[in-house]
Amino acid sequence: MTNTAWDTYPKQKPERRQVNAAGETTWFNWTQYPDHGPGAELLGVGPGASVLDLGCGKGGNLAHVAALGARAVGIDVSIAQLKAAEARWANVGLVLHRADAVRFLEETGEHFDAIYSVFGAAWFTDPEQLLPFIRKRLKSGGVFAFSQRPPIKGCYGCQASYINRSEDEDPLVVKRWDYQPDRWEDILREHGFTAITTRELPAPPRRRKVGTLIVRAA
Ligand SMILES: C[S@@+](CC[C@H](N)C(=O)[O-])C[C@H]1O[C@@H](n2cnc3c(N)ncnc32)[C@H](O)[C@@H]1O
């Protein structure tokens with residue numbers, strides 16, 4: 001596996017704070033805004049659970065999963081992201097793999113109580129490829145949840161997403177998959193998921209206007 005466009009991405013993103021507004025050192029954030037939206041309760045996991053983050057990036061959410069006492073497994077295609085996760089969360093006990101999401105799910109023998117993705121691999125992978133393997137690797141009653149930006153009206157299915165580089169370089173391009181909430185419900189149902197809920201969470205007051213789509217299924 002060669003370096004990917006995603007090795008460029010962490011350079012643009014501010015570091016996660018040392019504590020959140022509530023003074024906590026680990027926390028779960030489904031949205032693109034600090035101190036906003038639901039937390040890890042959406043996953044319904046506790047001590048001893050096995051949880052997988054698809055596209056864990058620098059591992060901030062995964063560190064919170066580990067702090068809850070779960071086995072916290074994170075996969076990402078980017079070495080740069082994984083190195084940042086290892087450095088920041090060295091004492092938390094994350095299990096990290098450099099892998100593509102579909103390939104990992106295809107090859108692992110492990111089954112999970114929850115699989116989630118926060119603006120992660122579930123957004124940047126064709127659901128027709130990904131969902132059969134998520135279904136296969138979830139334990140009975142396990143939860144699959146993901147968040148991403150809601151679709152732009154009229155722009156559905158596979159879309160091009162830019163990852164900016166320096167001023168002198170063209171941006172890199174990755175693919176993402178955008179659907180309306182009711183289309184996600186159909187797609188998930190077609191792949192055997194039940195108890196599907198979709199929610200478009202508005203941006204916090206006085207922040208930018210783009211909200212967050214949060215999807216949960218079992
Ligand atoms: C926008 S970042 C979000 C990172 C992290 N979830 C967060 O909330 O900060 C997207 C992440 O997904 C990873 N990613 C994208 N496509 C992937 C794939 N097919 N398999 C594994 N990881 C992937 C990228 O390397 C990147 O770390």
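Note that these values count all heavy atoms, side chains included, but never hydrogens, waters or copies made by symmetry. We count ligands from 1, going down the list as the structure has it; atoms in each ligand are counted the same way.
- Across the listed options G60, G55, G120, G55 owns the non-hydrogen atom lying nearest to atom 6 (N) of ligand 1.
- Between W27 and N61, the side chains place no donor N or O within less than 3.5 Å of an acceptor N or O (distance only, hydrogens not considered).
- For S117, no heavy-atom contact with ligand 1 is shorter than 4.0 Å.
- For ligand 1, the atoms sitting less than 4.0 Å from at least one non-hydrogen atom of T125 are 19 (N), numbered in the order shown with element in parentheses.
- Considering backbone and side-chain N/O atoms, A101 comes within less than 3.5 Å of an N/O atom of ligand 1.
- At a heavy-atom cutoff of 4.0 Å, ligand 1 is contacted by both the backbone and the side chain of D100.
- Between R135 and G192, the shortest heavy-atom distance links the atoms NH1-O, 3.4 Å.
- Between the side chains of S50 and E110, at least one donor N or O sits under 3.5 Å from an acceptor N or O.
- Within the listing of ligand 1, atoms 3 (C), 5 (C), 6 (N), 7 (C), 8 (O) sit less than 4.0 angstrom from a heavy atom of V118.
- If you look at W177 and F124, their ring centroids are not closer than 6.0 Å.
- Remark: ligand 1 atoms within the under-4.0 Å shell around heavy atoms of C56 are 5 (C).
- The ligand atoms of ligand 1 that sit less than 4.0 angstrom from a heavy atom of A99 are 20 (N), 21 (C).
- Counted by atom type alone, E24 and H64 present zero donor-acceptor pairs between their side chains at under 3.5 Å.
- Between D76 and ligand 1, at least one N/O pair is under 3.5 Å apart.
- Counting only N and O atoms by type, the side chains of T212 and Q32 include a donor and acceptor under 3.5 Å apart.
- Two rings, from F144 and Y116, have their centers 6.0 Å or more apart.
- Those atoms of ligand 1 that come under 4.0 Å of a heavy atom in F119, given as number and element, are 1 (C), 2 (S), 3 (C), 10 (C).
- A donor-acceptor contact under 3.5 angstrom links the side chains of R176 and S161, judged on distance only.
- Here is the list of ligand 1 atoms found below 4.0 Å of a heavy atom in G57: 4 (C), 27 (O).
- Set against the non-hydrogen atoms of Q81, the atoms of ligand 1 under 4.0 Å away are 26 (C), 27 (O).
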